[in-house]
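What follows is a single structure, written as structure tokens, with notes after it.
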Amino acid sequence: MRRTSDEARLAPAAGSGRDRETGRTRAQAMRAAIAGGVLVGAGALAGGWMGAEPTAGRASRTQDVQILNFLLVLEELQIAFYAAALRGGALSGDLLRFARTVSPQEREHAGLLRKLLGDDARPAPRFGVEQSASHAATFQADAIDLEETIAAAYIGQGASLTRGAMRDAARIVAVEARQAAWIRDIAGADPAPRAADPARSADDISSDLRRRGFIR
Amino acid sequence: MTGGTVLRLEDVDRDEALLETIAALHGDTRADFLRKAVLGSAGMLALLGAPPSASAAMSATDLDILNFGLRFERLQASFYTEAESMGVVGKMAPRKQEWARTLGAHERAHVRIVKEILGDRAGPRPFFDFHGVTESEDSFTRTAVAMEDLTVALLTGITPRMRDRALVAALFGLLTTEARHAAWARSIVRTTPAANAFDEPRSLDGVHALLGRTRFIVSAPRVRRRRRAPRMTG
């Protein structure tokens, strides 16, 4: 089945279960790794217990393009979400200050990703954010979700990037995590609920955001 | 590093220090905790043929960077632990106590995790002298804010420098936790938790120099000087 450009953009090599470069399945790659004396973690074999493993395959410009385009969709989704919330006028106090501060930060993140991608940047898909952004309560809950999602996406993909892109991913993900902690604090939730943050696979994130109508 | 194999922090939590911390902090039921732990051990059983520690194959660069990271995590863990044992944390407002205790528990878990990764190549525990900053709420809080922001800058710098991509993946999950700590600390002192669009890295040398100026790490254990008895006169 031929994928639309949006689907292709939302599905980097991660989670396909097949190493795109060698055509091996992930299980084969893992067995090879064990035979080669590489320590494989319990979590990876326990399958989904702690989240998915980052993208398989050797770092390359081709893989960077897939990953950075995926992360760009998430940054663009956040931009659309905060823009709708600021347009809607339902926010006040801490929530308004939060949205006004992080909105331009997300635009800078997207700008940097587009710069890294150059001509390989793909256009944004359509987003469904108006409904969620029109009430303070839904805005707050969804802002937490989106910030957590994007932090987990960078954690999942960061190690698979080439070194230059990885340096920029580190500069961005730290800010995404700060934003996640900030909005959780505003909501009265624990800003740092874990001693180490887990990754989420691109497939998991993409299907979740589609199911919830954030990405159409 | 063989492509497709990724070591994450959870993966090296072999003595379940991290799970214990999470369970203790966040009220996982005992059953829930055990269920997860069993899954973890089942995975470990499949790996008996694997080397016991990643350190055997670790590059000199990674080893040096991680050992520096260990010193830094130990510094942080000692800082929070000392403030708790001095009773400073116990006198804070409830929300602030939760903050200080959570950060302390996380830093102690980080020490155990990094030690586990390094195995027998972990450096010795240094001695610390916080020169009284853990003894008052105000100086403790201000130092915590600075230290958490510095940790973020350190991890932003060293994470992409690790050669082993499995370790890079692990450090990404630590970097975000430290960034949450920094944001939370800034919120406690009512400054903007995320002030800039990017967190800029600091070099290892830069952090080393900064730490040197604090004189928090000392070559010999801190000995509390006895107050000199008043000299007898007459």
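Order of the sequence lines fixes the chain letters, A, B, ..., with proteins taken first and strands second; residue numbering starts at 1 for each chain. Just so you know, these numbers use all the heavy atoms, side chains as well, and skip hydrogens, waters and symmetry mates.
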### Query
Around Arg202(B), counting heavy atoms of other residues, nucleotides and ligands shown, do more than 12 lie under 6.0 Å from its CZ?
no
### Task
Could you grab the distance from atom CG of Leu174(B) to atom CG of Asp197(A), nearest 0.5 Å is fine?
9.0 Å
### Query
Is the NZ atom of Lys96(B) crowded by more than 12 outside heavy atoms at less than 6.0 Å?
yes
### Task
May I ask you to name which of Glu176(A), Arg163(A), Arg167(A) has the most heavy-atom pairs under 4.5 Å with chain B?
Arg163(A)
#### Entry: Selection from Ala179(B), Gly157(B), Pro201(B), Pro193(B) maximising heavy-atom pairs under 4.5 Å formed with chain A
Pro193(B)
### Query
For Arg186(B), does the CZ atom sit with more than 12 other heavy atoms under 6.0 Å from it, leaving out its own atoms?
yes
### Message
Less than 4.5 Å to any heavy atom of chain B: does that hold for the side chain of Arg97(A), its backbone, both, or neither?
### Response
side chain
### Message
Report, in residue-number order, which members of residues 142-150 of chain B are under 4.5 Å from chain A by heavy-atom distance.
### Response
Asp149(B)
#### Entry: Sidechain-backbone polar pair: Arg165(B) side chain, Ala159(A) backbone, donor-acceptor under 3.5 Å
yes
### Message
Given heavy-atom pairs under 4.5 angstrom as the criterion, report whether the side chain, backbone, both or neither of Ala195(B) touches chain A.
### Response
backbone
### Message
Could you report the tightest heavy-atom contact between Ala197(B) and His109(A), atom names first, then the distance?
### Response
O-NE2, 2.5 Å
### Query
Does Arg180(B) pair with Asp190(A) as a salt bridge, N-O distance under 4.0 Å?
no
### Message
Within the 4.5 Å heavy-atom criterion, are Trp182(A) and Thr192(B) side-chain neighbours or not?
### Response
yes
#### Entry: Exceeds 12 heavy-atom contacts within 6.0 angstrom, atom CZ of Arg61(A)
yes
### Message
Is Leu161(A) close to chain B through its backbone or its side chain, or both, or neither, when contacts mean heavy atoms under 4.5 Å?
### Response
backbone
### Summary
For Ala192(A) and Thr102(B), the nearest pair of non-hydrogen atoms, with its separation, is O-CG2, 3.9 Å
## Note on the structure
Note: Thr177(B) and Ala196(A) closest approach over all heavy atoms is OG1-CA, 3.4 Å
### Task
Could you pull out the closest heavy-atom pair between Ala194(B) and Gln179(A), with the gap in Å?
CB-CG, 4.2 Å
### Summary
Note: vs chain A, highest number of non-hydrogen pairs under 4.5 angstrom among Leu155(B), Asn196(B), Val152(B), Thr159(B) is Asn196(B)
### Proximity breakdown for Arg161(B) and chain A, heavy-atom pairs closer than 4.5 Å
backbone
### Task
Evaluate the side chain to side chain contact (heavy atoms under 4.5 Å, CB included) criterion for residues Tyr154(A) and Thr176(B): first the C-alpha distance (whole Å), next the side-chain angles of each, then the deciding distance (0.1 Å), finally the verdict.
CA-CA 10 Å; Tyr154(A) 276 93; Thr176(B) 53; over 6 Å; no
### Task
With a 4.5 Å cut-off on heavy-atom pairs, point out which of Ala152(A), Ala170(A), Ala181(A), Ala180(A) contacts chain B the most.
Ala170(A)
### Message
Ignoring hydrogens, what is the shortest heavy-atom contact between Asp185(A) and Trp184(B)? Give both atom names and the distance.
### Response
OD1-NE1, 4.2 Å
